[in-house]
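Below is one structure, written out as structure tokens; the observations come after it.
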Amino acid sequence: MSVIVTSKTRRAIHAFCGLTCVAFGVALSAKVGLGTTPISSIPYTLSCISQLSLGTYTFIANMTFLLLQILILKREYKVSQLIQIPAIFVFSVLIDIWMKLLVGTGNFNYLIMLGLCLAGCFFVAFGVYIQVKAKAVMLPGDGLVKVISSKLTKEFGKIKILFDSSLVGISIIISLIVKHRLLGVREGTIIAAFLVGSIIRFLTKRVHIFDIN
């Protein structure tokens with residue numbers, strides 16, 4: 001007996017898989033210690049300054065991104081897109097879960113740590129790619145990138161690189177002002193700022209298995 005899977009069900013499955021991949025990539029990068037991913041650089045810096053978790057600040061940051069989407073789109077923003085809010089909550093919880101599960105990932109030699117850092121970049125990019133291609137609910141950070149790229153008629157991957165680089169810059173400013181040193185921003189962050197967007201661009205053009213009409 002065959003089971004018919006509707007496009008809505010597929011989008012829901014892809015959305016959860018995408019959130020899980022991105023959350024894993026974010027947590028892995030944070031645990032390795034070579035610098036967290038750009039999308040989580042500000043939340044990570046703030047979590048180092050206060051007692052709140054990375055997942056909590058991720059929720060706050062994404063709610064801010066959601067508000068910016070509304071301000072940019074104004075009347076074009078659809079109420080149905082508020083489904084991003086439960087997606088933010090799930091994503092934030094997943095990050096804190098992965099942060100607890102990934103123990104000891106920063107105790108390897110540098111080359112292995114660098115490899116894990118690159119793996120984190122790939123998981124973040126792959127998760128975003130799944131959401132974009134499947135037209136599933138996107139996290140507000142990536143949703144904001146999509147809105148900006150649409151308004152400027154620029155390629156998503158290119159805007160993603162600029163967006164991530166801006167987040168890293170803000171994170172550096174916050175950490176230097178408050179702690180007078182860099183927090184969570186290292187070579188891995190710089191690599192991710194350019195690599196994640198590039199991987200998304202490559203996958204979007206070359207891999208179509210996750211396309212949903």
Side-chain angles (χ1 to χ4, degrees), residues 5-23 25-26 37-43 46 55-95 124-171 174 192-194 196-213:
V5 180
T6 65
S7 60
K8 288 185 178 180
T9 301
R10 288 180 62 192
R11 284 193 176 92
I13 294 173
H14 288 178
F16 182 76
C17 290
L19 289 176
T20 303
C21 283
V22 177
V26 167
T37 54
I39 194 67
S40 59
S41 59
I42 295 177
L46 294 175
T56 300
Y57 276 117
T58 296
F59 182 85
I60 295 172
N62 276 279
M63 288 299 294
T64 302
F65 295 147
L66 178 60
L67 178 60
L68 290 175
Q69 285 185 57
I70 296 174
L71 292 176
I72 293 173
L73 291 175
K74 298 179 181 177
R75 294 183 179 180
E76 294 179 38
Y77 189 86
K78 299 178 181 178
V79 177
S80 60
Q81 290 177 284
L82 291 177
I83 194 175
Q84 288 178 319
I85 295 178
I88 298 171
F89 177 78
V90 171
F91 178 62
S92 302
V93 171
L94 285 171
I95 287 179
V124 170
F126 186 66
V128 174
Y129 153 76
I130 291 176
Q131 294 170 315
V132 172
K133 296 297 284 185
K135 299 178 182 177
V137 58
M138 300 181 70
L139 288 168
D142 299 311
L144 179 59
V145 173
K146 188 174 182 180
V147 167
I148 295 174
S149 64
S150 177
K151 286 291 184 179
L152 299 178
T153 62
K154 299 292 184 180
E155 190 177 333
F156 180 91
K158 291 181 179 179
I159 299 299
K160 174 69 174 174
I161 293 174
L162 292 174
F163 181 74
D164 285 353
S165 300
S166 299
L167 295 181
V168 172
I170 295 172
S171 177
I174 293 174
F194 295 96
V196 171
S198 299
I199 293 174
I200 293 173
R201 291 174 64 190
F202 175 82
L203 293 175
T204 302
K205 291 180 178 179
R206 301 295 181 87
V207 183
H208 303 286
I209 190 173
F210 292 99
D211 290 11
I212 295 181
N213 296 323

- Query: Taking the side chain from Ser149 and the backbone from Phe156, do they hold a donor-acceptor pair closer than 3.5 Å?
  - Reply: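 Not at all, since once roles are kept as given, no pair shorter than 3.5 Å links the two residues.
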
- Query: Within the side chain of Ser150, is there an N or O that forms a donor-acceptor pair under 3.5 Å with the backbone of Val147?
  - Reply: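 A pair under 3.5 Å: no.
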
Going by atom type alone, with no hydrogens or angles, which donor-acceptor pairs under 3.5 Å involve a side-chain atom of residues 59-75 and a protein atom two or more places apart or on another chain?
unit_1 : atom_1 : unit_2 : atom_2 : d
Asn62  : ND2    : Thr58  : O      : 2.8
Thr64  : OG1    : Ile60  : O      : 3.0
Gln69  : NE2    : Pro140 : O      : 3.1

- Task: Please examine the side chains of Tyr57 and Ile42, heavy atoms only from C-beta on, and report whether any two atoms are closer than 4.5 Å.
- Result: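 A side-chain contact is absent here, since even the closest heavy-atom pair is not under 4.5 Å.
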
- Below 4.5 Å, heavy atoms only, C-beta onward: do Ile39 and Phe163 meet side chain to side chain?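 Side chain of Ile39 against side chain of Phe163, heavy atoms only: contact under 4.5 Å found.
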
- Message: Per the salt bridge (Lys or Arg N to Asp or Glu O under 4.0 Å) rule, what does the pair list look like for residues 156-170, sequence neighbours excluded?
- Response: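 Listed once each, the pairs are Asp142-Lys160, Lys160-Asp164.
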
Rounded at 0.5 Å granularity, tell me how far [atom1] in [X] sits from [atom2] in [Y].
X      : Y      : atom1 : atom2 : answer
Ile199 : Phe126 : CD1   : CZ    : 11.0 Å
Lys78  : Ile83  : NZ    : CD1   : 13.5 Å
Lys205 : Leu203 : NZ    : CG    : 12.0 Å
His14  : Leu19  : NE2   : CG    : 13.0 Å

- Query: Taking only residues two or more places apart in sequence or in another chain, which ones pass salt bridge (charged side-chain N to carboxylate O under 4.0 Å, His left out) with Lys151?
  - Reply: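 Partners of Lys151 by the salt bridge (charged side-chain N to carboxylate O under 4.0 Å, His left out) criterion, ordered by chain and then number, come out as Glu76.
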
- Message: According to side-chain contact (heavy atoms from CB on, under 4.5 Å), who are the partners of Ile161, at least two apart in sequence or on a separate chain?
- Response: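 Ile161: side-chain contact (heavy atoms from CB on, under 4.5 Å) contacts with Ser165, Phe194, Ser198.
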
Residues two or more places apart in sequence or in another chain: which of them pass side chain to side chain donor-acceptor pair (under 3.5 Å) with [X]?
X      : result
Thr20  : none
Ser171 : Thr45
Ser40  : Thr36, Thr37

- Shortest non-hydrogen contact from Leu139 to Ala87?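 For Leu139 and Ala87, the tightest heavy-atom pair comes out as CD2-O, 4.0 Å.
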
